[in-house]
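Note: hydrogens, waters and symmetry copies are ignored here, and every other heavy atom, side chains too, is used. Order of the sequence lines fixes the chain letters, A, B, ..., with proteins taken first and strands second; residue numbering starts at 1 for each chain.
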Number of protein chains: 2
Amino acid sequence: MEKSESPRTVEAVETALGIIEYLQREEQAGVTELANELGRSKGTIHSHLATLVQSDYLTKKGSKYRLSLRYLELGETVKDRLGYYGVIADELDDLAKESGELAQFATEEHGMAVYLYKARGEKAVESASTIGKREYPHCISLGKAILAHLPRKRVGAIIDRNGLKAYTPQTITTREALFDELETIRERGYAIDNEEKIKGLKCIAAPVTSPNGDVLGAVSVSGPSSRMQGKRFEEELPQMVTRSANVIEINIQFS
Amino acid sequence: MEKSESPRTVEAVETALGIIEYLQREEQAGVTELANELGRSKGTIHSHLATLVQSDYLTKKGSKYRLSLRYLELGETVKDRLGYYGVIADELDDLAKESGELAQFATEEHGMAVYLYKARGEKAVESASTIGKREYPHCISLGKAILAHLPRKRVGAIIDRNGLKAYTPQTITTREALFDELETIRERGYAIDNEEKIKGLKCIAAPVTSPNGDVLGAVSVSGPSSRMQGKRFEEELPQMVTRSANVIEINIQFS
DNA sequence: GCAGTTTGTTCGGGAGAACCAAACAATTAT
DNA sequence: ATAATTGTTTGGTTCTCCCGAACAAACTGC
């Protein structure tokens, strides 16, 4: 089961990445603040900062450090390499317009659901998620739609890694319940988030798979529970979402 | 003049960043390839890769490593912090439509011009530049428009850092010629790229400044020399570009 | 299917660098 | 002006980063 031991890592790199992560949360910081936060001496942090500035990963204004614009380039590179970014953008814009709600696309990486795009329809609810944001997959429709099409042992590993944190009374918090739910999703063809992450918010998500069967991501619409009920929630929206997922699948093949 | 000595840097971090940079160019690579490229042993690279994967900066598929989606999030964070991204996007879309050409916005960081947005008009030429791409400022209109509004000693430092590489016979390659050109730009109110970077391509760029006088970036239109001449090149387009720059300046204040 | 080659992984040991602590300089606050 | 805080520099020591080599795994060619 277990690998003999965890592989060696480079501590100096971990502190440098810690600086980047802190500056992602905090916008700007000085030497002392970072030293306290990361539990290193001021001198150490100082040379790390010098390294990151020299390599263009940070900028220094006065005595405060911030993330540089280099991450823009890296972000674009990653986006371009996905290959299907334009396809999902176009289709989600349509879906948002047609449904009037918030339409989103996410994929999976390292056991987390990663939002790649969002489009806002006429009445779309606000959402904290932005492009690149990562979320636990077990409590959102996008995540569950993806998990439903991953190998069972892969899902097990993800649960072990993440746990099953509860956000609302509806959140699925046991392994068995989640596997049952995934089974239901496979049969039904789409996933539902019934206020499992945020009270008052319901979502519907359908998976996008490649020709050879593995899942590339999922499409969803989200809206307030007041609008997400009856025939609209049980027929119309599911149909829109699954249709969008299919359109994306087809267009990816020819792009 | 010179600081006593260059500050200390952390070599381990430099190799880790070297890995990231290589994977930005190459899409994917294995241990041996990276070890050769960066002049380190396979064992060393291996533990660096383990560190970067563990912290979610790389993904491992089989025995190849790639950049992870984390850079999407970092890119979005940086974009949001600019504050005026939406403003330039809206205005450049208009400018591209009105002019029919390629409209771009760039700002300055570490002595380089960094493209932040581009919008393509009806007849827009193709361009290799993408969001986040960095370019030497001395040979493009956007760069010169920005340089014209930086402190003289800052410009001097940038020249020292970058040099003045020639791309075409028109490229400005001497310090004096560049300072003269910047003076002309300040008087005229906008900058011209007369095939100084790419043969057959001409551009016009106007600076965007903040109320307190420092330059935030510049707006440009680019087109083939055949279309960039006569009254259109000397009056109409300059007017459009400077007007766009002004609109952006105003909107930034109220956003 | 089997030897040969290449690539990834593990590990001991030594040299060097990352880290700390403390002193100094610069900036800000009182 | 003085005190307090923060940034910068520097020696010295410990620890870790790195190398090299051995091992394992994957791929190649025959």
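The 12-atom threshold is exceeded at CZ of B/R25, counting heavy atoms of other residues, nucleotides or ligands nearer than 6.0 Å.
Contacts with DNA chain D (heavy atom under 4.0 Å) in residues 19-41 of chain A: A/G30, A/V31, A/T32, listed by number.
Contact of the A/I248 side chain with the A/Y84 side chain is not registered, since no non-hydrogen atoms from C-beta on lie closer than 4.5 Å. Here the side chains of A/T32 and A/K42 are in contact, with some heavy-atom distance below 4.5 Å. Counting heavy atoms from C-beta outward, A/R134 and B/E73 have side chains that approach closer than 4.5 Å. Two residues are said to be in side-chain contact when any heavy atoms from C-beta on lie closer than 4.5 Å; A/P137 and A/I158 meet this criterion. With a 4.5 Å cut-off on side-chain heavy atoms, B/V53 and A/H110 count as touching.
Taking the side-chain contact (heavy atoms from CB on, under 4.5 Å) definition, one finds that B/I250 meets it with B/F254, sequence neighbours left out.
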*Can you check each nucleotide of nucleotides 25-30 of chain C against protein heavy atoms at under 4.0 Å and return B for base, S for sugar-phosphate only, - for none, in 5' to 3' order?*
------
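Regarding B/I45, its CD1 atom lies at a distance of 13 Å from the C1' atom of C/dG8, rounded to whole Å. For B/L49 and C/dT10, the CG to P distance is 12 Å, given to the nearest whole Å. Rounded to whole Å, atom C1' of C/dA17 lies 12 Å from atom CD of B/E14. In this structure, NE2 of B/H48 is placed 17 Å from C1' of C/dG8, rounded to the nearest angstrom.
Both B/R8 and A/R8 lie close to DNA chain C; mapped to their nearest nucleotides by heavy-atom distance, the more 5′-ward contact belongs to A/R8. Looking at which nucleotide of DNA chain D each of A/K60 and A/V13 is closest to, the 5′-most match is held by A/K60. Between A/H46 and B/A12, the residue anchored nearer the 5' end of DNA chain D, judged by the nucleotide with its closest heavy atom, is A/H46.
Residues B/G111 and B/N162 approach most closely at O-ND2, 2.9 Å, considering heavy atoms.
Between A/T44 and C/dC20 there is a side-chain N or O to OP1 or OP2 distance below 4.0 Å.
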Return the polar atom pairs (N/O with N/O) between nucleotides 14-16 of chain C and the protein under 3.5 Å, or none.
none

Give each protein N/O atom lying under 3.5 Å from an N/O atom of nucleotides 22-24 of chain C, with the pair distance.
none

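Ionic pairing of A/K133 and B/E76 is not present here: no N-O contact between side-chain nitrogen and carboxylate oxygen is shorter than 4.0 angstrom. Between A/R175 and A/D180 no salt bridge is recorded (no basic side-chain N to carboxylate O distance below 4.0 Å). A salt bridge does not link A/R154 with A/D214: none of the charged nitrogens is closer than 4.0 Å to a carboxylate oxygen. Of the charged side-chain nitrogens involved, at least one lies within less than 4.0 Å of a carboxylate oxygen, so that B/E21 and A/R70 count as a salt-bridged pair.
The end-to-end axis angle of the helix from C/dG1-D/dC30 to C/dT30-D/dA1, rounded to 10 degrees and based on five pairs per end, is 60°.
Inspection of the A/T171 and A/K197 side chains reveals no N or O donor paired with an N or O acceptor under 3.5 Å. Counted by atom type alone, A/E249 and A/T209 present one or more donor-acceptor pairs between their side chains at under 3.5 Å.
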*Go through B/E14 and B/R40 one step at a time and tell me if the salt bridge (Lys or Arg N to Asp or Glu O under 4.0 Å) criterion holds.*
CA-CA 12 Å; B/E14 280 168 0; B/R40 300 259 110 115; over 6 Å; no
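The aromatic rings of B/Y57 and B/Y71 stand perpendicular to each other, their planes meeting at an angle above 60°, with 30° marking the opposite boundary.
Looking at heavy-atom distances under 4.0 Å, A/T9 makes contact with sugar-phosphate atoms alone, never a base.
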